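What you see is a predicted model; the values in this text were computed from it and never measured.
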Amino acid sequence: MKILNRIVTLGACLVFSLVINAQETDKSFFNETGDIAITNLPTSIPLEDRKPIEYNNPRADDVVWQQVVYRIIDLREKMNYPLYFPEEASDNRQSLFTSIFRLYENNKIKAYEYLDNKEIFTEEYRINFEDFVEQCQIILSVKTDSITGDTLSVEIDESNIPNKEVLKYYAKEVWYFDKHNSVFTVRLIALCPIWYYQDPDTEQLLKRPLFWVTYDDLRPYLAQQEALISDKNNGARETMDDLFIKRRFGSYIFKVSGVMNRNIIQYNTTAEDMHKEQERIKTFIINYEQDLWEY
């Protein structure tokens with residue numbers, strides 16, 4: 001009799017929990033006006049409540065091997081379209097650079113000066129947003145009081161954000177082996193948007209690395225930023241953070257840390273030689289992991 005009562009009690013608790021859970025997740029696909037109310041279809045968790053997956057932070061003594069790798073993410077590659085589009089924010093989505101720009105503008109993330117052959121993420125090299133806007137000559141929209149002429153606000157319209165001209169990113173990452181957890185993995189350290197603009201005098205297309213932002217600063221916000229990954233199914237969505245953590249982006253290596261700290265182009269004279277060196281580096285990293293598990 002006691003066993004039967006326990007079974008009945010457990011069953012009632014299970015049914016109650018299912019009902020409560022259904023009430024919490026049973027949200028209408030359409031809103032009161034007939035428009036789509038829910039767009040983050042793969043999950044019942046609202047985007048604003050999503051948190052990035054926590055990293056496993058190893059102790060310094062447990063990392064017995066590491067290799068810092070620098071990549072270029074070309075947004076003109078089809079695989080990287082979710083990072084570049086839409087060119088104008090819509091449908092809960094905006095480009096990666098628009099996200100970075102607005103976070104920077106609202107002082108939610110820090111930006112650091114781009115330097116040749118080194119990255120320093122300290123206050124000494126931090127770039128003030130107003131200085132950045134002035135250097136890049138980004139147009140400001142000033143709203144004034146129609147009677148007094150006083151400035152009410154200074155804003156930057158989306159059309160004046162140079163997201164269409166940010167065609168590439170530098171990415172700094174580190175591959176490492178954690179002996180304590182027996183894990184060989186990679187961590188994205190920082191991103192640097194590269195702005196391509198036309199020289200007004202020569203009309204040549206020039207490039208300018210804008211600044212570095214650490215990925216740890218970006219993650220909490222990118223975890224709440226949707227990215228559409230398929231034209232065939234608008235419900236197939238990931239977050240921006242998912243794309244980076246799951247390595248769902250295309251890139252190529254242009255530098256690895258070393259004694260001479262040189263870019264690949266500095267010691268390879270032809271495109272064929274550069275490609276061979278990139279493949280050699282990839283093979284070296286893959287083989288290192290394979291060698292770890294050989295008996």
For atom [atom1] of [X], decide whether the heavy atoms of other residues, nucleotides or ligands shown that lie under 6.0 angstrom number more than 12.
| X | atom1 | value |
| --- | --- | --- |
| Glu134 | CD | no |
| Leu205 | CG | yes |
| Glu54 | CD | no |

Tell me, please, which residues at least two apart from [X] pass ring-ring contact (aromatic ring centres under 6.0 Å, His included).
| X | value |
| --- | --- |
| Tyr169 | none |
| Phe177 | none |
| Tyr267 | none |
| Phe132 | Tyr104, Phe211 |

Show every side-chain hydrogen bond (donor to acceptor under 3.5 Å, both in side chains) that has at least one partner inside residues 63-77, sequence neighbours left out.
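Qualifying pairs, neighbours excluded: Gln67-Ser257, Tyr70-Glu119, Arg71-Glu173, Arg71-Ser251, Asp74-Arg76.
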Are the side chain of [X] and the backbone N or O of [Y] linked by a donor-acceptor pair below 3.5 Å?
| X | Y | result |
| --- | --- | --- |
| Asn261 | Asn117 | yes |
| Gln198 | Glu203 | yes |
| Gln278 | Ile253 | yes |
| Ser90 | Pro86 | no |
| Asn160 | Ile156 | no |
| Asn163 | Glu87 | yes |
| Asn268 | Ile264 | yes |

Among Ile53, Thr214, Leu188, the one residue meeting side chain to side chain contact (heavy atoms under 4.5 Å, CB included) with Arg219:
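Testing Arg219 for a side chain to side chain contact (heavy atoms under 4.5 Å, CB included) against Ile53, Thr214, Leu188 leaves exactly one candidate, Ile53.
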Option among Leu167, Leu83, Ile161 that satisfies the side chain to side chain contact (heavy atoms under 4.5 Å, CB included) test with Phe97:
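That would be Ile161.
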Taking atom types as modelled, is there a side-chain donor on Gln225 or Thr239 under 3.5 Å from an acceptor on the other?
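The criterion, which ignores hydrogens and geometry beyond distance, is not satisfied for Thr239 and Gln225.
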Below 4.5 Å, heavy atoms only, C-beta onward: do Leu96 and Met240 meet side chain to side chain?
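Side chain of Leu96 against side chain of Met240, heavy atoms only: contact under 4.5 Å found.
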Contact list for residues 227-263, test ring pair (Phe, Tyr, Trp, His ring centres under 6.0 Å), sequence neighbours left out:
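Counting only pairs at least two positions apart or across chains, the ring pair (Phe, Tyr, Trp, His ring centres under 6.0 Å) contacts touching residues 227-263 are Tyr170-Phe254, Tyr215-Phe244, Phe244-Phe249.
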Under the salt bridge (Lys or Arg N to Asp or Glu O under 4.0 Å) rule, collect the residues that match up with Arg126, sequence neighbours excluded.
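Salt bridge (Lys or Arg N to Asp or Glu O under 4.0 Å) list for Arg126, sorted by chain: Glu123.
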Output all residues satisfying salt bridge (Lys or Arg N to Asp or Glu O under 4.0 Å) with Glu279, sequence neighbours left out; order by chain, then residue number.
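Listed in chain order: Lys282.
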Who clusters with Leu115? Use side-chain heavy atoms, under 4.5 angstrom, across I, L, V, M, F, W and Y, and order the result by chain and number.
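Once heavy-atom contacts under 4.5 Å are chained together, Leu115 belongs with Ile120, Tyr125.
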Side chain to side chain contact (heavy atoms under 4.5 Å, CB included) partners for Asp131, two or more places apart:
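Here the qualifying residues are Asn128, Gln135.
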Excluding sequence neighbours, so at least two apart, what forms side chain to side chain contact (heavy atoms under 4.5 Å, CB included) with Asp62?
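Asp62 satisfies side chain to side chain contact (heavy atoms under 4.5 Å, CB included) with Arg59, Asp178, Lys179, His180 only.
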Under a single-linkage definition using a 4.5 Å side-chain heavy-atom cutoff for Ile, Leu, Val, Met, Phe, Trp and Tyr, are Leu228 and Leu243 assigned to the same hydrophobic cluster?
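No, Leu228 and Leu243 fall in different hydrophobic clusters.
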Does anything in residues 258-276 form a salt bridge (charged side-chain N to carboxylate O under 4.0 Å, His left out)? List the pairs, not counting sequence neighbours.
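For residues 258-276: Glu272-Lys276.
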